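A note on names: the letters A, B, ... follow the listed sequences, proteins ahead of strands, and every chain is numbered from 1. Computed from a predicted structure; not experimentally measured.
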Protein chains: 2
Amino acid sequence: MWPLIPALSCSQLLRLCPSQCEPAPASQPAPPAAFPGHTASIRPEPPLSTMADQAFVTLATNDNYAKGALVLGQSLRDHNTTRKLVVLIGPHVADPCREALRSVFDEVCVVDLMDSGDVAHLALMKRPDLGVTFTKLHCWRLTQYTKCVFMDADTLVLSNIDELFERDELSAAPDPGWPDCFNSGVFVFKPSNETHENLLTFCGENGSFDGGDQGVLNSFFNTWSTADISKHLPFVYNLSSISIYSYLPAFKQYGHGAKVVHFLGKVKPWSHSYDAQKGEVKGHSQSSDQSQLQPDFLLQWWQLYTKSVVPLLQRAYGDAPFNTGFVQDSSTNEGEQQACSHAPPPPPRRLTPAERKQRWEEGQIDYLGEDSFANIERKLDSFLK
Amino acid sequence: MWPLIPALSCSQLLRLCPSQCEPAPASQPAPPAAFPGHTASIRPEPPLSTMADQAFVTLATNDNYAKGALVLGQSLRDHNTTRKLVVLIGPHVADPCREALRSVFDEVCVVDLMDSGDVAHLALMKRPDLGVTFTKLHCWRLTQYTKCVFMDADTLVLSNIDELFERDELSAAPDPGWPDCFNSGVFVFKPSNETHENLLTFCGENGSFDGGDQGVLNSFFNTWSTADISKHLPFVYNLSSISIYSYLPAFKQYGHGAKVVHFLGKVKPWSHSYDAQKGEVKGHSQSSDQSQLQPDFLLQWWQLYTKSVVPLLQRAYGDAPFNTGFVQDSSTNEGEQQACSHAPPPPPRRLTPAERKQRWEEGQIDYLGEDSFANIERKLDSFLK
């Protein structure tokens with residue numbers, strides 16, 4: 001199963017993967033009229049020259065998060081941001097998703113930790129469990145920008161938020177779970193290779209108290225709760241969808257000013273399915289009373305996805321199947337939640353030893369799965385016994 | 001049923017109730033040794049003369065909240081506070097509870113809104129639903145103190161927190177439900193009759209967005225989230241017991257510094273019952289794994305209540321029955337949650353019309369219940385039809 005491991009040193013292993021940064025073409029071709037419902041407009045040029053050195057940045061580690069990133073990016077476009085849009089993607093994001101991302105984002109940057117510098121290698125070897133966190137921290141390397149706003153792919157923008165660029169690093173909104181911590185779903189930062197290396201070193205040495213980027217960032221920027229009120233973004237810039245219910249009177253009082261909703265929790269918008277004909281998210285319905293009281297952010301996400309993102313994915317996938325998340329016609333298949341339009345991709349097949357060997361040699365290392373450091377260590381231990 | 005209403009003007013009605021402020025005797029008598037387990041120590045004098053003009057303040061609107069206030073007061077004493085302790089009580093708190101409170105607090109102040117100034121009257125007539133809120137706001141009238149820390153009766157102090165008096169009005173910790181709001185369970189304030197009147201006027205005109213004091217105070221002190229970081233108390237000074245579970249990794253990282261735990265939610269510590277022999281709160285048990293990970297604050301509350309508060313109540317009630325909250329001997333009544341030691345008081349009997357008339361004439365108006373403004377208005381309407 002592991003024929004190559006003893007024959008390669010760690011540094012050799014780590015140099016096998018290619019990396020790629022794919023700036024979008026200067027002018028985005030409008031999607032063909034053959035995709036009904038598509039409304040992508042021609043992107044306006046930034047009105048001020050300084051705007052080009054600032055960017056919104058998000059991260060898509062897989063094809064599902066790519067859908068979220070597409071909705072987020074489109075929501076920023078719809079609200080006429082004057083800043084650049086950048087998406088960091090993991091090496092496993094499928095080509096058609098990358099193509100769709102390129103039609104919304106100014107830059108699509110593949111982050112492959114195997115090819116991102118000695119400090120990243122070292123940190124990853126120490127804490128292989130924090131791979132996704134390291135990928136997110138990569139945003140500090142976007143030094144072609146002087147200031148950025150990072151937004152998780154499970155956020156949705158409800159109005160123009162370009163004023164966030166007036167804030168300094170590290171500005172963020174409080175986390176409702178432990179409000180002396182900031183939530184790392186939306187934060188203002190200043191790209192810097194030095195900060196990036198310091199973050200990785202810190203991360204490798206201290207790990208993350210919550211196993212993710214939020215723990216690392218709160219430990220690193222540890223004066224957020226005590227030093228400077230201007231670095232506290234108003235909660236409406238990172239409104240946890242959970243908070244609507246945890247203190248409903250406050251939501252009714254202040255929620256009308258919501259600017260960014262954050263779909264915290266395990267169930268993401270794309271985890272649901274959607275009846276496009278009825279305009280209903282399956283398993284999620286608000287009474288008319290509730291709808292009058294509070295906006296249905298989940299429905300808004302699906303409406304934007306249906307209108308602006310699905311046409312991009314349809315164009316990119318062509319005849320190949322992909323999972324839109326739509327349920328079949330409800331009049332003929334009441335209650336059925338089978339994805340339609342395009343069939344879902346089959347689950348990944350377990351590779352044969354020969355195929356795994358070939359992938360190793362091609363640099364396609366599944367460093368968070370079967371080829372994780374823990375597995376490698378276990379295998380080495382079995383040889384040494 | 002309402003024979004007196006048309007015969008009395010509002011201002012006449014509002015002047016019927018007496019008010020009372022009961023400073024505790026200068027030296028507290030030690031409880032008799034006949035109460036085993038009682039550990040109240042002789043209170044040390046404040047080491048600095050300036051300490052006498054600062055106080056912790058709490059509120060007990062009924063006998064249950066009085067239990068909470070007693071535990072809170074005792075926890076402050078146990079951690080050697082150098083400040084005065086004041087409890088505001090509603091007119092319905094029973095005499096034995098008042099007596100127990102006087103043995104822990106320096107001042108027991110009865111707040112009767114019917115006798116607390118024209119502005120309070122006016123506010124109460126406009127918003128009779130906010131009676132408890134108005135009672136809490138009364139703390140601003142404690143102008144014998146230059147600075148105070150208000151603490152809800154459902155809080156428990158875990159270490160000395162006298163450093164809170166270094167903060168200015170209005171300092172408070174974020175509310176986890178909507179973290180741009182502060183939680184009004186713990187706040188630093190500066191007594192002032194002018195602020196009190198402004199608060200009442202504001203309250204009468206604007207009401208409260210959440211129906212309680214937290215809504216009023218957040219609307220009144222509406223720059224808390226944006227103006228001055230020093231007015232953000234660390235979350236560990238008002239740690240919601242709910243937050244332990246909502247973001248457990250943060251609690252594990254920062255919870256060791258917990259100074260005040262706040263039993264938010266409808267179920268209060270005194271709503272549970274306690275098996276004193278087993279040392280278990282009924283219907284609440286932590287596994288040994290959980291106990292190693294996080295302290296059991298609810299158990300701590302009951303241990304302090306059992307050790308230091310029950311003896312005071314036993315002395316005050318004498319032979320009269322009261323509800324300790326203890327369950328009967330578990331070896332003979334497994335699983336039974338009947339209160340023992342002292343039987344619970346019978347539920348309040350509905351008064352006859354003649355009794356109600358007499359109470360009216362004695363000024364004993366149930367202004368939040370049967371004699372509420374809404375009921376009076378309904379009765380007046382029925383006469384006018």
Side-chain angles (χ1 to χ4, degrees), chain A residues 167 171-184 206-219 222-259 262 264-265, chain B residues 167 171-184 206-219 222-259 262 264-265:
Chain A
R167 306 270 181 158
S171 294
D175 186 273
W178 189 273
D180 274 4
C181 288
F182 55 85
N183 183 285
S184 63
N206 301 282
S208 165
F209 70 75
D210 68 353
D213 60 281
Q214 182 158 310
V216 173
L217 291 173
N218 272 280
S219 299
N222 63 359
T223 61
W224 176 85
S225 71
T226 56
D228 182 353
I229 196 75
S230 76
K231 292 184 177 176
H232 283 220
L233 298 183
F235 188 52
V236 290
Y237 284 96
N238 188 355
L239 173 56
S240 151
S241 50
I242 299 162
S243 292
I244 298 169
Y245 304 99
S246 60
Y247 189 15
L248 187 58
F251 179 77
K252 289 181 185 169
Q253 181 76 1
Y254 303 112
H256 59 86
K259 291 172 185 291
H262 188 175
L264 277 177
Chain B
R167 305 271 181 156
S171 293
D175 185 273
W178 189 274
D180 274 4
C181 287
F182 55 85
N183 183 284
S184 62
N206 302 283
S208 165
F209 71 73
D210 68 355
D213 60 281
Q214 182 158 311
V216 173
L217 291 173
N218 273 279
S219 300
N222 63 359
T223 62
W224 176 84
S225 71
T226 55
D228 182 353
I229 196 76
S230 77
K231 293 185 177 176
H232 283 221
L233 298 183
F235 189 51
V236 288
Y237 285 95
N238 187 355
L239 173 56
S240 153
S241 49
I242 299 161
S243 292
I244 298 169
Y245 305 99
S246 60
Y247 189 14
L248 187 58
F251 179 77
K252 289 182 187 169
Q253 181 77 0
Y254 302 112
H256 60 85
K259 292 173 184 291
H262 189 175
L264 277 178

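- Taking CD1 of A/Ile229 as the reference point, atom OG of B/Ser225 lies at 6.5 Å (rounded to 0.5 Å).
- Taking all atoms of both residues into account, the shortest heavy-atom contact from A/Leu233 to B/Asp180 is O-OD1, 4.5 Å.
- Partner A/Trp178 forms a ring pair (Phe, Tyr, Trp, His ring centres under 6.0 Å) with one of B/Tyr245, B/Tyr247, B/Phe235 and no other, that one being B/Phe235.
- Listed options A/Ser246, A/Gly215, A/Pro179 were ranked by heavy-atom pairs under 4.5 angstrom with chain B; first place goes to A/Pro179.
- The most heavy-atom pairs under 4.5 Å with chain A, out of B/Gln253, B/Gln214, B/Lys231, come from B/Gln253.
- Contact tally against chain A (heavy-atom pairs below 4.5 Å) for B/Asn218, B/Leu239, B/Thr226, B/Asp175: the top residue is B/Thr226.
- No part of B/Ala173 comes within reach of chain A, as not one of its non-hydrogen atoms sits under 4.5 angstrom from that chain.
- The choice from B/Pro234, B/Ala227, B/Ser219, B/Pro176 that makes the most heavy-atom pairs within less than 4.5 Å of chain A is B/Pro176.
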